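Predicted model only: the values in this text are computed from it and were never measured. Order of the sequence lines sets the chain letters (A, B, ...), proteins ahead of strands, with each chain counted from 1.
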Amino acid sequence: MISGYAVYVLWLREMKRFMRAKSRIIGSLMQPLFFLAFLGLGFNKMAIPGVAPGVNYMSFLVPGILGMTLLFSSSMQGLSVLWDREFGFLKEIMVAPVGRVSIVLGRIAGGTTTTLFQGVLVLLLSLLMGFHLTHPAGLLAAFFFMVLISFTFIGFGLIFASLMKDMQGFGIIINFIIFPLFFLSGALYPLKNLPWIIRALSYADPLTYGIDGLRGVLIGVNSLPIIADFLILAGFALVMLFLGAWFFEKSESV
Amino acid sequence: MDAIRVEDLTKQFQDVTAVDHISFSVEEGELFGLLGPNGAGKTTTINMLSTLLKPTSGRAEVGGFDVARRRDDVRKSIGVVFQEPALDGKLTGRENLDFHGMMYGIKSEERRRRIDDVLTLVDLTDKAAVLVEKYSGGMKRRLEIARGLIQHPKVLFLDEPTLGLDAQTRRHIWDYVRKLNREKKVTIILTTHYMEEADYLCGRIAIMDHGKFVALDTPSRLKDVLGGDVVSLEIAGEEGAAAALEAALKALDWIKKFQRHDGVLSLTMEKGERRIPELINFAQDHGVTVDCVHLRKPSLEDVFLHFTGRTIREQEANVGERARGRMMGHGRR
């Protein structure tokens, strides 16, 4: 049922497209860089209530911006099915004698690779900008969180891409779903500062656990136990991937 | 053996019946045309036969496999060239073909050989390393036809293969399609709303309208339904001469219909071009001079009109705009 070869081919196509879109790579790095530079430097000297003493805002922000990069990149990867449908290439994929599960896995493999590549670049850039790790082993742990965040939101993007027939709803998804997910996740400020009703919503946002986990492993500041963050996020990732694959298989390709 | 067998195939979209209980079969090696205006259900039929859409009811077999139950077997035996371009513009021509070959599980060496083959067939060998987004509309079309052949399909579906292309490119593509059918013995199902395309290429044509087949036969027999060719004789001199000739011609049993108007005698018959010398001799024998002869062969357009009561152009006044929009959206010339 699953053809490793087909998964590889779909992954390879994604790599070729990604490597050729130099402006896309640079563009996708500019946004986190601006956030880090302006928010980070602007608020660095300020005491933000809820941020642990001794942790400057820049350090607090880096895991959040990393999470943001992963959120945007991986949802776009999931939603990229829409582009393939728009440009007709989806039909070429769908008439091939390849199981639908392999097609979904190929997309996830390609999407995860490009997303992680961007995440790692953001992390490296922030190290260059003076971000301090508590422990080098944190990087490895962070990598696992990054993979789980990617899986979750690729699955999430796939769900929407399968439900939509054209690009019409694209802006709505970005503005009304992806941005709120970002703001609710506590990427920019501690969730403690939010009114309880909004905080409740935050705990329904998978990215909250991703960013809390990343903070835990990178700078040693977290509000939930790291293992809890990890397990909850892994649960979200599984459910989203399953739903994404399910919706994709259900959708008609023309 | 039949390459395609369709029984009572139907596709319902909400309240529209796009394809309405059609039945037909296509023999191996045939070049079969689906002719009809936009919205007639041609593309929906192709989409069902190529497993992209599930039939609402009825059955269809392609290459001996049921399209609803044995989708992967069907997919392995067919090649499809879609109406809208289905290429990745960010990949080169060869990479697009390579992607395709790999998806069909063709091993590396064999793949390279076949890709070189099909590139030669469509004259794109020297453009293989260029990104597809830089291709013209005609080149994209040719690349897609090449791609449909890599897996050596038993049946090739061509959905409006020349829509929006200029006359010269269209000619080229016709030649490729014919060559494929004759030399490689590929069964081809082609949809079109160009009468001359169906006429030039297809061995048999199904005329489709509102999801149903209104006629199915060879182009020449479809045209014969109209009674044959019309030969018009312009008679010199006064009206009386034409009337006299008409009266004399009634003796010939191969003339099916007579019409006389302003000294022009219009006669309906089969194989008009072979009868013209005979007609002129006949007129001379009767002392009548023919000034001018005009032969009109019935076109599929006339056939379509005959079966549906409308011309195909009336049926789709907006096709030109659609085709133009498509070129602006996807093609660069």
Answer yes or no: are there more than 12 heavy-atom neighbours, outside B:Arg112 itself, under 6.0 Å from its atom CZ?
no
Could you check if a side-chain atom of A:Phe87 sits within less than 4.5 angstrom of a side-chain atom of B:Glu84, using non-hydrogen atoms only?
no
Does atom CD of B:Glu110 have more than 12 heavy-atom neighbours, drawn from other residues, nucleotides or ligands, at distances under 6.0 Å?
yes
How about B:Phe13: does its CZ atom have over 12 heavy atoms from other parts shown lying under 6.0 Å from it?
yes
Rounded to the nearest 0.5 Å, how far apart are CE of B:Met103 and CG of A:Leu10?
4.5 Å
Which heavy atom of A:Gly88 sits nearest to which heavy atom of B:Ala86, and what is that distance?
O-CB, 3.2 Å
Taking every non-hydrogen pair under 4.5 Å, which of B:Val80, B:Leu87, B:Leu131, B:Asp98 racks up the most with chain A?
B:Leu87
For residues B:Arg147 and A:Glu92, determine if any side-chain heavy atom of one lies less than 4.5 Å from a side-chain heavy atom of the other.
yes
Would you please indicate yes or no on a ring centroid separation below 6.0 angstrom for B:Phe99 and A:Phe89?
yes
When rounded to the nearest 0.5 angstrom, what is the spacing between CZ in A:Arg13 and NZ in B:Lys90?
11.5 Å
Can you tell me how far the NZ atom of A:Lys16 sits from the CG atom of B:Asp88, to the nearest 0.5 Å?
10.0 Å
So, the part of B:Ile78 with a heavy atom under 4.5 Å from chain A: the answer is neither
List the atom of B:Tyr104, the atom of A:Pro97, and the distance in Å for their closest heavy-atom pair.
CE2-CD, 3.1 Å
Taking all non-hydrogen atoms of both residues into account, name the closest pair between B:Asp72 and A:Gly99 and its distance.
OD2-N, 4.5 Å
Go through the atoms of B:Glu95 and report whether side chain, backbone, both or neither lie under 4.5 Å from a heavy atom of chain A.
side chain
Qualifying residues under ring-ring contact (aromatic ring centres under 6.0 Å, His included), relative to A:Tyr8, sequence neighbours excluded
none
Closest heavy-atom pair and its distance - A:Tyr5, B:Ile106
OH-O, 4.3 Å
